[in-house]
Amino acid sequence: MSVERLQPITKIKRQQSRSSWHKAMACPKLILSCLLLQLMFSFLVLKVAHGQGLEVGFYQKACPNAEAIVKEVIGQVMSVAPSLSGPLLRLHFHDCFVRGCEGSVLLNSPTNQSEKDAPQNHNLRGFQTIDRVKTALEKACPGIVSCADILALVARDVVVATGGLFYDVETGRRDGCVSILGEASNDLIPSTANITTLKADFAKRGLSVKDLVVLSGGHTIGTSHCTAFSNRLYNFTGKGDTDPTLDSNYVARLKLSCKPNDQTTLVEMDPGSVRTFDIKYFDLIAKRRGLFTSDAALLDDSQTKAYLDFQIKTGGSTFFKDFGESMVKMGRIGVLTETSGEVRKVCSKVN
């Protein structure tokens, strides 16, 4: 082979060698870029998985006094109507368990077909308080704070106002535009639910067995209409009998307040401690004096019963902290964030 023919081949090899060197040098840069992208993606996925687009202090820039305004209004309401603490806490529960925490429980329907028109929601109260909070926020920061977030913040503030621990509330929810009576009828957990139903319904919403028993502790404040438990007093199995798991002395006391077919009377869920957020309702459950079948059911599961026993034994050593954590988890159910939904100007109607 001639030298003339060798030269191009040598030149090509040198070029290939230089190209390989440049590629080798570029690899670390590519790897670094890929790693950075992967980390960013992982961070975003974790953020969405953990908080579904929510964050503590979401309104810090757009409406820095939002939480202070909510706290002030709730303080005013609690000073004159402390009995609203339970109903206001209940509103957040009933919102989150139907369509998620997106304020659909607040919407009105001209044909009475919204969630609040469902039989399970006929006794809900506190809507005017939510409107009062919304009015104050709209005055300070028009179109910024959602009604769904108001429900979450109000729930926290009534817990604190009645003696519970403060917990940070993740915000950033937007409001839904749909509210359907039938969904509330199907999705709200009845007070007659057994432990199997309770565990299944909580699990499908991403809540644990511990969350179930902890959030049931919210019954320590508020009242209930007789209709929610009257079957335990007068017709438990359809034969005109009482629930044998309910303390007989307590049955006698309840019958003094709740006559058959009573649709209007309110009974304290935690007698003597109805306006104080404490663990006394757990004491009642252990003594077979839990008002609802769903509360008595907590004694039918080893995990929920162990939690009850531990809190009673230790004076609620972890309950108050646990309650805040479980409320935050519940507040993530089915949320709308970023460009989904809207921020209503009036909580009872879509924009």
Side-chain angles (χ1 to χ4, degrees), residues 85-86 89-90 93 120 123 162-164 188-202 207-262 265-320 322-323 326:
S85 58
L89 178 60
R90 188 180 175 206
F93 276 78
Q120 298 92 322
N123 296 323
T162 52
L188 288 173
I189 303 174
S191 60
T192 56
N194 60 30
I195 193 64
T196 302
T197 299
L198 289 168
K199 289 168 70 173
D201 281 357
F202 270 68
L207 299 175
S208 67
V209 175
K210 180 182 177 182
D211 294 322
L212 161 61
V213 62
V214 169
L215 292 174
S216 296
H219 289 158
T220 185
I221 55 174
T223 57
S224 170
H225 281 81
C226 296
T227 50
F229 58 89
S230 61
N231 69 307
R232 302 186 75 193
L233 306 180
Y234 297 106
N235 200 28
F236 188 63
T237 64
K239 299 178 181 179
D241 55 343
T242 60
D243 183 351
T245 67
L246 190 59
D247 176 70
S248 58
N249 291 326
Y250 195 40
V251 169
R253 283 179 54 190
L254 290 172
K255 283 185 174 181
L256 293 176
S257 301
C258 298
K259 302 303 179 184
N261 303 314
D262 188 331
T265 302
L266 286 170
V267 173
E268 295 180 352
M269 292 189 288
D270 188 355
S273 182
V274 67
R275 295 178 183 176
T276 305
F277 195 89
D278 53 30
I279 65 159
K280 290 186 178 179
Y281 196 64
F282 286 163
D283 288 325
L284 291 177
I285 293 174
K287 294 175 181 176
R288 300 191 299 120
R289 293 189 172 193
L291 202 56
F292 311 116
T293 302
S294 56
D295 289 326
L298 298 177
L299 297 175
D300 298 332
D301 178 84
S302 59
Q303 188 175 346
T304 55
K305 186 177 185 302
Y307 185 87
L308 287 175
D309 291 342
F310 176 75
Q311 297 306 326
I312 293 168
K313 181 179 180 180
T314 62
S317 60
T318 67
F319 169 65
F320 300 99
D322 292 341
F323 190 82
S326 292

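The first residue of the sequence shown is numbered 1, and numbering continues consecutively from there.
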### Query
Taking the side chain from Ser294 and the backbone from Thr192, do they hold a donor-acceptor pair closer than 3.5 Å?
no
### Query
So do Val267 and Leu254 actually touch side chain to side chain, heavy atoms under 4.5 Å?
yes
### Query
Is there a donor-acceptor pair closer than 3.5 Å between any side-chain N or O of Asp262 and the backbone N or O of Cys226?
no
### Query
With Lys199, which residues qualify under salt bridge (Lys or Arg N to Asp or Glu O under 4.0 Å), at least two apart?
Asp301
### Query
Can you tell me if Asn249 uses its side chain to pair, donor with acceptor, with the backbone of Arg253 under 3.5 Å?
no
### Query
Listed by chain and number, what are the side chain to side chain contact (heavy atoms under 4.5 Å, CB included) partners of Ser208, not counting sequence neighbours?
Lys210, Asp211, Lys329
### Query
Can you name the closest pair of heavy atoms from Ser191 and Ala228 and give their distance?
OG-O, 2.7 Å
### Query
Is Phe229 close to Leu246 at the side-chain level, that is, under 4.5 Å between some pair of heavy atoms?
no
## Note on the structure
In this structure, CZ of Arg275 is separated from OG1 of Thr223 (nearest 0.5 Å) by 9.5 Å
### Query
Salt bridge check: are Asp309 and Lys313 linked by an N-O gap of less than 4.0 Å?
no
### Query
Do Asp241 and Tyr234 have side-chain N/O donor and acceptor atoms under 3.5 Å apart?
no
### Query
In terms of side-chain geometry, is the basic nitrogen of Asp270 or Lys280 positioned less than 4.0 Å from the acidic oxygen of its partner?
no
### Task
Check whether any side-chain N or O of Thr304 sits under 3.5 Å from a backbone N or O of Leu298 as a donor-acceptor pair, and report yes or no.
yes
### Query
Can Asp278 and Thr276 be counted as having a side-chain donor-acceptor contact under 3.5 angstrom?
no
### Task
Would you check if the side chain of Ser216 reaches a backbone N or O of Leu212 as a donor-acceptor pair within less than 3.5 Å?
yes
### Message
Quick one: does any side-chain atom of Arg232 pair with a main-chain N or O of Leu291 as donor and acceptor, under 3.5 Å?
### Response
yes
#### Entry: Validation row, ring centre Phe310 to ring centre Phe319 under 6.0 Å
no
### Message
Please check this pair: side chain of Gln303 against backbone of Tyr307, looking for a donor-acceptor N/O pair closer than 3.5 Å.
### Response
no
